Amino acid sequence: QVQLVESGGGLVQAGGSLRLSCAASGRTFSSYAVGWFRQAPGKERGFVAATSWSGGSTSYADSVKGLFGISRDSAKNTVSLQMTSLEPDDTAVYYCAASAKRGRLSYVGLYDYWGQGSQVTVSS
């Protein structure tokens, strides 16, 4: 069992940056794939970015490629999402998720463990 806690959300103006962090407790992150998903009001939860358990493979949604970056800090047992050039369409609750299974990193059904979510609001 692994517990996930997101932090770092907030309000930012369009064009700004934010860094989200996902901290794990109960288990080390090193054996889990970790993904970030987001859900805006009235929309389904969608894939943002993910990293494989080894960190050797990453995946990004087309809409955030080149703008967002996912990274692991094994010493701190955290996975971060650096978000740049934010736009109002990026406004959503961002969720961290972890999976011990192998599979397509962008598939929401791959993930067994979810954090409570962190609100990101981008003002125009």
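The model shown is predicted, which means the values in this text are computed figures rather than measured ones.
Pairing each heavy atom of Ala92 with each of Gln39, the nearest pair is CB-O, 3.5 Å. What you find for Ala49 and Tyr60 is that their closest heavy atoms are CB-CD2, 3.5 Å. Nearest heavy-atom pair, Val2 versus Ala24, reported as atom, atom and distance to 0.1 Å: CG2-CB, 3.9 Å. Residues Gly15 and Glu87 share a closest heavy-atom pair of N-OE2, 4.3 Å. Smallest separation of non-hydrogen atoms from Ala14 and Ser124: CB-CA, 4.4 Å. Val48 and Val64 get closest at one heavy-atom pair: O-CG2, 3.5 Å.
Contact of the Met83 side chain with the Asp90 side chain is not registered, since no non-hydrogen atoms from C-beta on lie closer than 4.5 Å. Side-chain contact between Gln119 and Thr91: present, with at least one pair of heavy atoms (C-beta onward) separated by less than 4.5 Å. Proximity of Val34 to Cys96: side-chain heavy atoms (C-beta onward) are separated by under 4.5 Å at one or more points. The shortest distance between side-chain heavy atoms of Leu105 and Ser57 falls below 4.5 Å.
Under the 30°/60° scheme for interplanar angles, the aromatic rings of Phe47 and Phe37 are found to stand perpendicular.
Hydrophobic clustering places Tyr111 together with Val93 (ILVMFWY residues linked when any side-chain heavy atoms are closer than 4.5 Å, directly or through intermediates).
For the atom pair CZ of Phe68 and OG1 of Thr58, the computed distance is 14.5 Å after rounding to the nearest 0.5 Å. Between the OH atom in Tyr94 and the CD atom in Glu6 there is a gap of 12.5 Å [rounded to 0.5 Å].
A donor and an acceptor atom, one from each side chain of Ser80 and Gln82, are nowhere located under 3.5 Å apart.
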